[in-house]
Amino acid sequence: MSTAAGRPGTLAAAALGVAAGVEFLHLAPAAVRLPPLRRTLARRTAGHGTAPGHVALTFDDGPDPRSTPYVLDALDGLGARATFFLLGAMLERAPALGRELVLRGHEVAVHGWHHRPQWYPAPVRDLRELRRATEAVTGLCGARPLWYRPPYGVLTAGPALAARRLGLRSVLWTAWGRDWTAEATGESVYATARPGLTAGATLLLHDSDCTSAPDSWRATLAALPLIAAHCRTHHLTLGALRDHGVPPPTGGNRRM
């Protein structure tokens, strides 16, 4: 027989259980970061493409007037196009650079408004912030984005559902260069990325150091010719996600 004194404890335990369950469901999609899932169940989300001999070249954290123009010039020299995952806060400061990305043949995508993971469930906040970033990319760059990549690659349920509602497909990466560290050099970025540079790969690099070690973007810049040479030697084509054979998003509110 229950007592009045026992009921508050029971209710508190039940509330904690519900909260833990909600948090588990919120964090569950982040498991796609695990290599076994990336290689099997979550291949599309990881960025595995089906276009023959194609490697998707992607950059995060821009646009940055201090560094992005150098990356654009290097890509022009290499004859390569890429997908740039933009932060709304950075784009708001450099809207002309966002338009230049599109005019120079690159693809723009969404990286969120601020560079921070959404660890705790807040679906209204997640939708509001992602809609704001998506509208900024669309309006300031003059191109409708197709893809969303969460900061740090932490894909929690709130942003994942918000992206789907906004008509964006979430895409992570299959290879990276660890170009965000203070110790990175062009050679180290290439050496780290090289094992993953195979057909169907999606490569993560950064065209801004706004969340990385100061001047780390210079290592990225130095690595680009090495990466391009590797791809030529192995008969691989560097290009944007739009040409990678990853199915574009379906459904969602394309008009926002």
Side-chain angles (χ1 to χ4, degrees), residues 46-87 90-91 94 96-109 111 141 147 149 153 171-246:
H48 287 278
T50 60
H54 193 267
V55 173
L57 179 59
T58 69
F59 293 89
D60 284 9
D61 296 356
D64 191 329
R66 300 173 303 160
S67 49
T68 303
Y70 293 97
V71 172
L72 292 178
D73 288 345
L75 293 176
D76 279 349
L78 297 169
R81 295 295 173 261
T83 298
F84 287 79
F85 285 86
L86 308 180
L87 289 170
M90 294 293 287
L91 178 60
L97 190 50
R99 290 190 293 273
E100 185 178 353
L101 287 169
V102 175
L103 290 173
R104 291 173 76 160
H106 301 287
E107 183 179 33
V108 289
H111 199 33
C141 298
W147 322 105
R149 176 177 288 160
V171 178
L172 302 180
W173 60 84
T174 65
W176 62 15
R178 295 189 64 84
D179 57 341
W180 58 86
T181 67
E183 300 78 20
T185 64
E187 291 76 13
S188 75
V189 171
Y190 169 58
T192 302
R194 183 176 54 203
L197 294 178
T198 57
T202 292
L203 175 62
L204 165 66
L205 297 172
H206 298 79
D207 62 305
S208 172
D209 62 10
C210 66
T211 64
S212 306
D215 285 336
S216 55
W217 64 270
R218 296 183 185 277
T220 308
L221 191 67
L224 286 176
L226 303 176
I227 292 168
H230 172 94
C231 289
R232 285 194 302 270
T233 299
H234 292 82
H235 307 291
L236 300 170
T237 301
L238 278 174
L241 273 169
R242 64 191 172 208
D243 302 316
H244 197 45
V246 176

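Note that the structure is a prediction, hence the values are computed from the model and not measured.
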Between Leu204 and Arg149, does a side-chain contact (heavy atoms from CB on, under 4.5 Å) hold up when you go through it step by step? CA-CA 11 Å; Leu204 165 66; Arg149 176 177 288 160; 3.5 Å; yes
Return the set of residues passing ring-ring contact (aromatic ring centres under 6.0 Å, His included) with Phe59 (not counting sequence neighbours), or none when no residue passes. Phe84
Test item: Arg81 side-chain N/O and Leu57 main-chain N/O as donor-acceptor pair under 3.5 Å: no
Nearest atoms (heavy-atom pairs only) where Ala56 meets Leu241: CB-CD2, 3.9 Å
Check: Leu203 main-chain N/O paired with Thr58 side-chain donor or acceptor under 3.5 Å: yes
In short, Ala191 meets Pro195 closest at the heavy-atom pair O-CD, 3.3 Å
So, using side chain to side chain contact (heavy atoms under 4.5 Å, CB included) as the criterion, who are the partners of Ala182 when residues are at least two apart? Ala213
May I ask you to test the Pro63-Leu91 pair for a side-chain heavy-atom distance under 4.5 Å? yes
Is there a donor-acceptor pair under 3.5 Å between the side chain of His106 and the backbone N or O of Ala82? yes
Contact check, side chains of Ser67 and Thr220, non-hydrogen atoms, under 4.5 Å: no
What are the two closest heavy atoms between Ala175 and Ala193, and how far apart are they? CB-O, 4.4 Å
Does any part of the side chain of Arg99, heavy atoms only, come nearer than 4.5 Å to the side chain of Val102, both counted from C-beta? no
Smallest heavy-atom separation, Asp243 atom then Ala51 atom, equals O-CB, 3.4 Å
Sequence-distant partners of Trp147, ring-ring contact (aromatic ring centres under 6.0 Å, His included), two or more places apart: none
For residues 194-211, pull every pair meeting side chain to side chain donor-acceptor pair (under 3.5 Å), keeping only residues two or more places apart or in separate chains. Asp61-Thr211, Asp64-Ser208, Arg66-Asp209, Thr68-Asp207, Asp179-His206, Thr202-His244
Enumerate donor-acceptor pairs with a distance under 3.5 Å from any side-chain N or O in residues 222-230 to protein atoms, sequence neighbours excluded.
from	atom 1	to	atom 2	distance (Å)
His230	ND1	Tyr190	OH	3.2
His230	NE2	Leu197	O	3.4

Testing the basics here: between Gly245 and Thr50, what is the closest heavy-atom pair and its distance to 0.1 Å? O-OG1, 3.0 Å
Could you report the tightest heavy-atom contact between Gly47 and Thr174, atom names first, then the distance? C-CG2, 4.1 Å
So, taking the atom named CH2 in Trp173 and the one named CG in Leu205, what distance separates them when rounded to the nearest 0.5 Å? 11.5 Å
What's the spacing between Ser212 OG and Arg178 CZ if we round to 0.5 Å? 11.0 Å
Applying side chain to side chain contact (heavy atoms under 4.5 Å, CB included), name anything that partners Ala240, two or more places apart in sequence or on another chain. Thr83, Glu107, Arg242
For a 4.5 angstrom cut-off between non-hydrogen side-chain atoms, does Leu238 reach Leu75? no
